[in-house]
> 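Below you will find the structure I want to go over with you.
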Amino acid sequence: HTENLPVYLTEWNTSPSQQDLLNDTCFKSCYIVKTLLENYDKLDGFGYMALSDLLGDDQIPEKIFFGGLGLFTTTGIPKASYFAFQMMNRLGNLFLGNGDGWFATRSENQIQILLYNYRHFSHLYALGEKFDMTDTDRYTHFSPEQSLDVQIQISDIENGNYEVRETILNRQHGSAFDTWVAMGGIPLKDTDEFDCLAANSTPFQHKYRTHTTNGVLEIEVLLDMLEVRLIVLTPATE
């Protein structure tokens, strides 16, 4: 019977364009997280398009960041969108709950919370107006100062010491495009420059320890615009 057949959404993306400048930015990584986590139980699977910027029938531009659909540049450098998938892959297999900008899971003795501060581009950009966007300034269609203060309260947990590990993906950490802009935003020429870009374009990790005595643990974080942050809570062994 057809009602028992699995349903998959394949070749999905924000745009069919292989030269949409937002494809290289943190907008794409935050969009991927929002889309999958808010629809995780609607379908049996999602097939993202595409793995690499080495795609299409037309000649591929020589620029390293030309707005390709892939998770990797043509030179194999992971973009922010790749790390979005990597962070979601670290979620546990037991669903705890979700809401606007958060998704919580559990696996064995760990609790995982994925946070995201999604913001949508302007109506003008949706209409195709890109007059104030450049190769190096691609966030012009987002309102400034859209940080998000998130307060998390985890209840009914065992008292004791806990280790908290945060993995942070934003314009400062994990976005190869934004790192390239910080490097000067001009074409890269040799292996050392490409290696430098790749080495400095990984998410940032921050670890600390905390303690609870009343069965409740409170965590507060400030998310930048379009930031994705994974928080993993583990009982401390030392």
> Is atom CG of Asp100 surrounded by more than 12 heavy atoms (other residues, nucleotides or ligands) closer than 6.0 Å?
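Open.
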
> Who passes side chain to side chain contact (heavy atoms under 4.5 Å, CB included) against Gln146, sequence neighbours left out?
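Applying side chain to side chain contact (heavy atoms under 4.5 Å, CB included) to Gln146 gives Arg119, Phe142, Ser143, Met225.
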
> Between Phe27 and Phe121, does the ring pair (Phe, Tyr, Trp, His ring centres under 6.0 Å) criterion hold? Intermediate values first, please.
CA-CA 9 Å; Phe27 166 77; Phe121 45 74; 5.4 Å; yes

> Can a cation-pi geometry be assigned to Arg229 and Tyr116, taking NZ or CZ under 6.0 Å from the six-membered ring centre and within 45° of the ring axis?
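Cation-pi check for Arg229 and Tyr116: fails.
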
> Taking the six-membered ring for Trp and the full ring for Phe, Tyr or His, determine whether the centres of His173 and Phe204 are under 6.0 Å apart.
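Yes - the distance between ring centres of His173 and Phe204 falls below the 6.0 Å cut-off.
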
> Report whether Val228 and Leu223 are members of the same hydrophobic cluster (ILVMFWY, side-chain heavy atoms less than 4.5 Å apart, transitive linking).
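No, no single cluster joins them.
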
> Mind listing the closest non-hydrogen atom pair of Asp24 and Lys79 along with its distance?
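Shortest heavy-atom separation between Asp24 and Lys79 comes out as OD1-NZ, 2.8 Å.
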
> Please tell me whether Met87 and Leu115 are part of a single hydrophobic cluster in this structure, the criterion being side-chain heavy atoms less than 4.5 Å apart.
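No; tracing contacts between hydrophobic side chains, which count when under 4.5 Å, never links both residues.
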
> Is there a donor-acceptor pair closer than 3.5 Å between any side-chain N or O of Glu193 and the backbone N or O of Lys189?
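Here the side-chain-to-backbone pair exists.
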
> Would you say Leu51 and Trp12 are hydrophobically clustered, going by side-chain heavy atoms of ILVMFWY under 4.5 Å?
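Yes, Leu51 and Trp12 fall within the same hydrophobic cluster.
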
> Side chains of Ser15 and Ser17 only: does a donor on one sit below 3.5 Å from an acceptor on the other?
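Ser15 vs Ser17: no donor-acceptor pair found between side chains.
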
> Could you tell me if Glu38 and Tyr118 have a donor-acceptor pair between their side chains, going purely by distance under 3.5 Å?
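Judged by distance alone, the side chains do not pair up.
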
> Working to the nearest 0.5 angstrom, can you tell me the gap between Gln86 CD and Leu230 CG?
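If I round to the nearest 0.5 Å, the distance is 10.0 Å.
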
> With a 4.5 Å cut-off on side-chain heavy-atom distances among I, L, V, M, F, W and Y, is there a chain of contacts connecting Phe177 to Leu188?
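They do share one cluster, since a chain of ILVMFWY contacts under 4.5 Å joins Phe177 to Leu188.
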
> Taking the side chain from Gln151 and the backbone from Glu218, do they hold a donor-acceptor pair closer than 3.5 Å?
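It does not hold such a pair.
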
> Would you call the rings of His141 and Phe131 parallel, tilted or perpendicular, where under 30° means parallel and over 60° means perpendicular?
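Rings of His141 and Phe131: perpendicular, over 60°.
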
> So which heavy atom on Asn98 is nearest to which on Leu37, and how close?
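Distance-wise, the nearest heavy atoms are ND2-O, 4.0 Å.
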
> So, for Ala50 and Asn13, which heavy atoms are closest and what is the spacing to 0.1 Å?
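Between these two residues, the closest heavy atoms are N-ND2, 4.1 Å.
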
> Find the distance between CG (Leu36) and CG (Leu91) and round it off to the nearest 0.5 Å.
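So the gap between those two atoms works out to 10.5 Å.
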
> Do Glu166 and Val221 have side chains that get closer than 4.5 Å, going by heavy atoms?
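A side-chain contact under 4.5 Å exists here.
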
> Are Tyr208 and His206 close enough that their ring centres sit under 6.0 Å apart?
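Yes, they do, as the ring centres are separated by less than 6.0 Å.
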
> For residues Phe103 and Tyr40, establish whether the separation of their ring centroids is below 6.0 Å.
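Ring-ring flag for Phe103/Tyr40: true, centres closer than 6.0 Å.
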
> Using only atom types and a distance under 3.5 Å, with no angle test, would you say the side chain of Asn200 pairs donor to acceptor with the backbone of Cys196?
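The answer is yes, because a donor-acceptor pair under 3.5 Å joins these two groups.
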
> Between the side chains of Thr234 and Glu163, does any donor sit under 3.5 Å from an acceptor?
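Short answer, no.
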
> For Asp178 versus Cys26, what's the shortest heavy-atom pair and its separation?
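In terms of heavy atoms, the two residues are closest at OD2-SG, 3.9 Å.
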
> Just how far is it from atom OH of Tyr31 to atom OG1 of Thr35, taken to the nearest 0.5 Å?
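Here the rounded value is 4.0 Å.
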
> With a 4.5 Å heavy-atom cut-off, do Leu55 and Ile60 have their side chains touching?
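Of all side-chain heavy-atom pairs linking Ile60 with Leu55, none is under 4.5 Å.
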
> Thr25 side chain to Leu22 main-chain N or O, any donor-acceptor pair under 3.5 Å?
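At least one qualifying donor-acceptor pair exists.
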
> Taking Ser29 for its side chain and Ser81 for its backbone only, find out whether a donor-acceptor pair lies under 3.5 Å.
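No, Ser29 side chain to Ser81 backbone: no donor-acceptor pair under 3.5 Å.
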
> For Asp224, is there any backbone N or O sitting under 3.5 Å from a side-chain donor or acceptor partner on Glu227?
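Yes: the side chain of Glu227 pairs with the backbone of Asp224.
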
> For Trp180 and Ile186, indicate whether the former's side chain and the latter's backbone hold a donor-acceptor pair under 3.5 Å.
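Looks like yes, one N/O pair under 3.5 Å.
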
> Honestly curious: do Leu169 and Leu148 fall in one hydrophobic cluster under the side-chain, below-4.5 Å linking rule?
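Cluster IDs for Leu169 and Leu148 differ.
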
